[in-house]
Amino acid sequence: MSSKVHDNDLYGTNFSVESIKVIAESIGIANLQDEAAKELSDEISFRLKHIIQDAAKFMHHGKRAKLMPTDIDCALRAKNIEPQHGFQSSEYLPFRFASGGGRELHFLEEAEVDLNDLIQNSNPKAPYEVTLRTHWLSIDGIQPTIPENPPPASKAMQKLESVDPINKKPQKETSGKPTTGKQKLKNIETVQIKQLATHELSVEQQLYYKEITEACVGSDEARRGEALQSLASDPGLHEMLPRMCTFIIEGVRVNVVQNNLALLIYLMRMVKALLDNQSLYLEKYLHELIPAVTTCIVSKQLCTRPEFDNHWALRDFASRLMAQICKNFNTSTNNIQTRITRMFTNALNQGDKMPLSSMYGALQALSELGPEVVRIFVLPRVKIIGSCIEHHLEGPTISNVDKIASGHIKQLIIKSLVPVLKSVRSPPDYIEEYKQDYGYFGASLNAGVLKARTQPNMTALTTCSNVNTPSSITSVASTISRPLATPTIIQQNNISGRTIVMNPGVGRVATQGTNQKIVFVTQRSQSSTVQNQNQQTPSTQQNTVVKLVSSSTTPVQHKIVNSQQKMVFVGMQNNTTVNNQTSGLLSPGSQQNMSFMMQKNNVNSHKIINDSFSHIDDLSHME
Amino acid sequence: MSNAQQSVTQQSTGAEEINKAQLAAVLQILKKYNLKNTEELLKKEANISDGIGTQGTLQKDSNVNSVLTGYKSDGDPETYANSYRELKFFVEDSLDIYKHELGMILYPVLVHMYLELVYNGHSEKAVALMNSFGPEQDTYYQEDLKKLAMVTKREHMSGNELADTFKSNQFIIRMSRDTLSLLKRHLNDKKASVLLNIIQEHLYFDMYEGVARNKSQIDATSGAVGGEAKRQDNKAKVYYGIPKAPDIQTLAAPVEEEEGEGGEQDNPEKKYMILKKKKAKKDPLFSKKTKSDPNAPPPDRIPAPDLKDNDKLEKVKAIREASRRVTLGQETQLSVCCYTLLNSNNTVCCAEITEDSSMLAVGFNDCIVKVWSLVPQKLKALKSAQQLQDVNIDAEDLMVRIMNERSGEVSRTLTGHSGPVYSVSFSPDRTLLLSCSEDSTIRMWSLQMWTCLVVYKGHLFPVWDVKFSPLGYYFATASHDRTARLWATDHYSPLRLFAGHFSDVDCIQFHPNSNYVATGSSDRRVCLWDCTTGNHVRLMTGHKAPIHSLAFSTCGRFLSSSGADCRVLIWDLSHGHLVAELTGHEKPVHTLAFSRCGNILCSGGLDCSLKVWDFSKITEDISSEEVNVSHNPDVKTGDQYLLRDFATKSSPLIHLHFTRRNLLLAVATFDGSNP
């Protein structure tokens with residue numbers, strides 16, 4: 001409605017003469033003379049600016065930075081003018097823009113309100129009552145990292161750090177940790193040595209790390225939920241993020257070899273939690289996380305009994321994670337989506353050489369990336385895929401595993417292609433054409449499309465179910481793993497251990513009552529802990545089977561402690577010989593599937609991975 | 001030179017004449033509206049005989065007009081731009097030492113030229129003048145220039161705040177003698193009548209001996225609407241010291257005597273009280289009285305209400321509590337407890353915490369005031385009248401007995417205003433609450449009955465701020481009607497009316513000794529008023545935007561102010577100098593608080609950050625410098641005073657309060673819309 005007269009003049013804006021004329025017409029004055037309109041526009045602009053100027057005062061005294069309709073009302077009232085009624089402030093004013101004939105127009109779109117609806121509808125919800133929340137902003141100069149406080153390192157800062165680590169300022173004295181010892185140094189000439197980055201974690205952080213990782217891969221589902229919740233919402237995780245990522249990556253490497261489906265699912269849920277955490281700058285670790293997630297999508301074998309275990313759920317879940325990664329982090333410079341799409345497409349091109357489970361994963365990942373991707377990359381290959389699986393389904397049963405896999409692929413293809421075909425092809429749908437175009441799948445696709453066309457809602461439903469919530473994976477996970485035992489807690493009575501709670505939100509330790517919970521910090525010397533544990537180990541240790549992590553030839557020495565399941569241990573050190581260690585102590589008889597992972601030197605792990613995934617070798621590398 | 005003197009003398013004799021002319025004009029207006037009584041009273045007070053009055057009527061309309069219009073000019077509109085340009089060149093070509101001081105006249109000259117042109121109907125010329133020279137003025141004048149540029153017609157001028165201010169007040173410029181003579185010489189040479197007129201009529205030069213100031217010195221104090229403060233404004237003596245606290249020992253004595261009489265009574269509670277009193281006597285805290293401050297006002301300078309027994313008890317409690325106070329500083333770090341108001345989306349206007357940190361009052365946009373209890377004790381109400389009849393009046397714990405035990409609530413709502421509540425203030429004894437609102441009233445609420453007791457009407461426009469005096473009984477208000485007022489709780493009408501600001505009075509604060517109030521205004525000036533005389537005793541310029549918050553230092557000598565220019569300024573009240581400028585905030589600063597030990601200053605605002613400043617270091621640095629009335633000290637700036645910076649989670653801070661033990665309480669409103 002207003003037009004700028006000049007770009008940088010002090011007047012700012014005035015109502016244009018045209019606007020005045022339009023307004024005049026709308027109230028029934030047909031021919032307003034130019035001069036009169038000009039005079040009016042000057043006057044009106046002046047008055048309006050005056051009112052807005054005064055309204056700004058009311059805004060300032062309301063301690064706001066946003067002018068609201070009530071401020072205008074107050075300004076009008078102060079001038080003894082009847083306030084405007086019926087204006088509400090929505091969160092933002094969506095000015096619409098229109099142009100045409102060289103003219104520009106900004107206007108507010110106002111929906112017409114049907115009075116009938118207004119009368120019939122129940123009352124609108126009452127606004128929430130204002131409540132008071134008390135929390136510490138600073139305790140003796142240290143700002144606690146609680147959800148009420150902002151994250152200690154903003155995303156922008158984390159980003160700067162990752163792009164330009166030299167730029168990282170030595171903790172500025174006004175923020176973050178308090179300045180201690182400053183006085184002492186006053187008289188000494190100090191030479192500032194720039195530390196590029198500190199990787200030391202405080203004892204509390206180490207404990208937190210241990211607690212969280214244990215809970216995430218442990219057997220107690222409730223505890224895992226809390227741990228994942230903490231990972232997804234805690235604002236102060238950035239310092240531990242590299243270690244968390246290493247844990248996940250190494251965990252995937254090891255457990256893929258082990259075919260330990262449950263653990264892989266747990267690890268993927270950790271990835272999901274990290275992705276959900278708003279305060280983390282995850283870009284730095286994508287190059288590590290993406291191969292791990294990819295592995296969970298396309299690995300040839302993810303579980304010990306491919307016929308019975310539902311490894312498809314893991315592939316689906318990991319695919320969704322991948323889609324989320326693409327959505328969150330794709331930029332014009334890193335081209336993540338493009339590269340990931342290319343990677344899976346190349347995998348599909350391998351044709352017969354490719355195991356069917358991997359093919360399923362690649363297809364699932366592509367279909368998660370959206371219908372457009374499906375149309376361009378999957379649709380042209382449908383015929384080839386069809387021929388690959390046809391003999392498994394139709395022919396004599398050679399391998400039960402392949403048959404199941406083929407069944408899944410078929411379902412997936414139909415589910416993801418039907419909506420695409422529905423929009424790509426126009427009716428009528430002839431079964432012959434479909435058979436010609438899509439080979440083996442032609443008939444079922446044709447049926448699906450026909451069904452979709454008659455029942456438009458059905459497709460919507462199927463697509464909906466496609467987008468599962470992570471909770472579904474939880475249930476799947478619990479069905480896959482063997483029956484879970486009740487929560488077990490390491491109990492020690494006479495040890496001078498410390499109980500440290502990192503995040504009050506978790507609050508689990510507090511409920512332990514007299515039983516002290518001891519957590520070990522892996523960096524500590526191992527001997528004492530081993531002793532402690534041995535003392536505590538229940539007597540029913542016989543006939544425990546312990547599986548070693550590596551089936552490979554690497555000379556990793558393991559000293560095994562027992563319990564009824566396989567245990568693998570994780571140490572964070574990167575040294576080549578992790579000599580082993582101990583395990584959590586479980587209450588006798590519990591059917592636990594608790595595992596720990598051991599991180600081995602990289603060479604070994606790579607080898608393992610390479611051995612078992614030669615076929616997706618190029619997939620697991622981004623380039 | 002001779003000319004300069006002449007003009008000065010002219011001014012002084014002219015002032016009298018103007019005064020008379022104004023009086024006559026006022027009389028004429030009174031006559032016109034048939035306000036006979038007022039007219040007669042005024043005549044009596046001004047010692048004007050009817051003769052002059054009639055003389056005034058003879059002069060008639062011309063007289064009224066000449067007072068109301070200062071801009072009538074027959075100057076050729078073409079000459080304005082040229083003479084401004086000439087003046088600019090003169091300023092630019094002058095010696096570096098004088099250049100900056102001379103430069104100060106450019107802005108007022110431009111403004112008056114513009115207004116003169118507008119007044120005489122040369123809008124086009126005025127706009128052209130403003131467009132060509134407006135943008136080159138100092139940045140802090142731009143906002144005012146924009147506001148002035150809205151005025152393009154003579155009709156718009158009347159009623160426009162800024163135009164009125166410029167028209168009716170002289171713009172004050174401080175200049176060294178040398179600079180001023182240089183300017184005078186130039187004006188005489190040029191004989192530019194337009195310029196000469198403006199400078200003589202609308203500018204006031206406050207001349208001082210000494211070296212001309214440099215740019216940064218000028219920038220430190222310029223920016224206010226009416227120009228700088230005159231030296232005369234800051235000459236009066238200010239008793240900024242804190243008087244010796246009324247001696248609680250002697251106050252306690254009568255209680256003890258009473259006890260002697262009724263000693264037989266076996267009242268354990270009373271005994272406990274006495275024990276406490278006796279202990280208090282030996283307590284070094286009480287014997288260690290500070291020597292009386294030479295700068296403190298006499299204790300009876302302002303009549304104070306008598307202390308009640310309850311107040312005395314409260315005082316003892318406060319001192320006791322204060323003895324457990326942490327002294328903050330560089331080594332001892334600050335603890336901050338934050339009260340975040342949730343679901344408040346833009347409805348909270350103000351908040352205040354009681355002196356003993358037991359209650360929080362919040363004023364809302366939707367006319368209500370809400371009070372929360374911050375301690376486990378709930379907010380109780382008085383018993384009903386019937387029940388009160390049964391209460392034994394002689395009981396020792398009368399105050400407890402009269403409260404209805406079952407009525408305790410965590411928060412209570414006070415409803416009564418008809419506009420947004422812009423400020424609330426607790427009385428020192430926590431039984432009363434004042435609130436002021438857009439509906440231009442001030443309400444006093446009882447925190448025992450939880451009802452409104454009094455509605456104070458007097459302000460004509462929205463009331464922005466209200467503050468109880470530290471003594472209780474008195475309170476002060478600041479309003480959109482450009483006045484601040486001093487009230488007593490038992491009077492309907494204000495005791496004092498502080499007028500003089502050119503724009504809204506945005507905030508007000510009592511000096512800790514209750515003898516003065518400080519006001520901050522949208523005209524960017526901070527003013528200190530004497531409650532006893534009603535005169536302004538300090539006028540301080542230097543802010544570049546409206547002032548939102550004021551706080552006196554614990555020692556009473558310094559005043560800190562902050563506002564929309566995102567800076568915190570520290571003023572020395574002994575001479576009215578600006579001593580420090582604390583920058584770092586990115587958005588308007590709405591709240592300031594000094595720690596109880598006086599070492600720390602905290603500021604918080606819309607930028608969701610709480611900054612902690614080392615005030616003890618500032619005072620140290622100041623005391624090492626010699627200052628007097630005419631010599632302005634260097635303004636201290638920089639990061640060196642910033643101790644800490646705490647960010648909140650997108651919650652703008654609206655109030656800061658130090659508990660008696662020096663824990664900082666912050667009140668913030670969570671704004672979920674911009675995470």
Side-chain angles (χ1 to χ4, degrees), chain A residues 6 8-12 39 42-43 45-47 49-50 53-54 57-58 60-66 68 70-71 73-74 77-78 89 91-92 127-143 147-151 154 172-176 178-180 182-183 235 278, chain B residues 127 130-131 134-135 145-147 149-153 156 330-331 333-344 346-350 360 362 365 370 372 419-420 422 438 461-462 464 480 504 506 522 546 548 564 587-588 590 606 610 639 642-649 652 654 666 673:
Chain A
H6 295 294
N8 58 347
D9 78 352
L10 285 170
Y11 280 93
E39 198 75 3
D42 283 356
E43 184 69 19
S45 304
F46 172 75
R47 298 290 164 205
K49 282 178 189 173
H50 229 222
Q53 188 184 311
D54 274 10
K57 284 182 181 171
F58 290 89
H60 287 307
H61 284 281
K63 299 191 172 66
R64 276 174 277 125
K66 190 172 113 187
M68 306 218 294
T70 50
D71 297 325
D73 287 351
C74 289
R77 216 145 39 125
S89 65
E91 265 312 297
Y92 72 111
Y128 291 112
E129 201 187 354
V130 176
T131 50
L132 204 57
R133 187 175 184 92
T134 314
H135 61 93
W136 290 104
L137 193 63
S138 150
I139 300 169
D140 290 333
I142 300 168
Q143 194 163 14
E148 286 89 350
N149 288 333
S154 68
K172 216 194 145 204
E173 64 180 70
T174 52
S175 60
T179 54
T180 45
K182 200 176 117 199
Q183 303 303 315
Q278 294 296 318
Chain B
V127 174
M130 186 61 94
N131 278 343
L145 285 175
K146 274 182 190 148
K147 283 184 187 168
M150 284 160 42
V151 180
T152 50
K153 295 218 163 56
H156 294 168
Q330 274 187 328
E331 285 93 68
Q333 291 288 340
L334 183 67
S335 294
V336 189
C337 179
C338 191
Y339 293 99
T340 303
L341 291 158
L342 303 175
N343 309 323
S344 63
N346 294 331
T347 58
V348 175
C349 290
C350 61
L360 164 72
V362 177
N365 217 353
K370 234 177 157 175
W372 274 275
Y422 286 122
E438 187 266 344
F461 283 107
W464 296 134
H480 179 60
D504 302 37
D506 291 310
S522 286
H548 291 324
K587 287 202 179 149
H590 276 295
L606 286 183
L610 165 68
D639 269 349
L642 182 65
L643 279 182
R644 297 298 305 278
D645 182 1
F646 299 109
T648 62
K649 195 173 186 180
I654 55 168
S673 59

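Proteins come first, then strands; the chains are lettered A, B, ... in the order of their sequence lines, and each starts at number 1.
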Portion of [X] that has a non-hydrogen atom of chain A nearer than 4.5 angstrom:
X: B:Pro420; result: side chain
X: B:Leu334; result: backbone
X: B:Pro588; result: neither
X: B:Phe461; result: side chain

Worksheet, complete the sentence: Checked B:Glu438, B:Lys153, B:His156 vs chain A; the most non-hydrogen pairs under 4.5 Å come from B:His156
Discussion item. Which residues pass the salt bridge (charged side-chain N to carboxylate O under 4.0 Å, His left out) test with B:Asp504, not counting sequence neighbours?
Written reply: A:Lys57
Fill in: Qualifying residues under salt bridge (charged side-chain N to carboxylate O under 4.0 Å, His left out), relative to A:Glu43, sequence neighbours excluded
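If we apply the salt bridge (charged side-chain N to carboxylate O under 4.0 Å, His left out) test to A:Glu43, skipping adjacent residues, the hits are A:Arg47.
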Discussion item. For a quick check under 3.5 Å, do B:Asp506 and B:His548 share a side-chain donor-acceptor pair by atom type?
Written reply: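 No.
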Practice prompt. Tell me, for A:Thr131 versus chain B, whether the close heavy atoms (under 4.5 Å) come from the side chain, the backbone, both or neither.
Written response: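 Both parts, backbone and side chain.
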Fill in: Under 4.5 Å from any heavy atom of chain B - which part of A:Glu148
backbone
Worksheet item: CG/A:Asp140 to OG/B:Ser335 distance, rounded to the nearest 0.5 angstrom?
Response: 4.0 Å
Worksheet entry | B:Cys338 vs B:Phe646 side-chain heavy atoms within contact, under 4.5 Å | no
Discussion item. To check you understand the geometry: which heavy-atom pair defines the closest contact between A:Lys63 and B:Cys349, and what is its length?
Written reply: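 Closest approach of A:Lys63 to B:Cys349, heavy atoms only: NZ-O, 3.0 Å.
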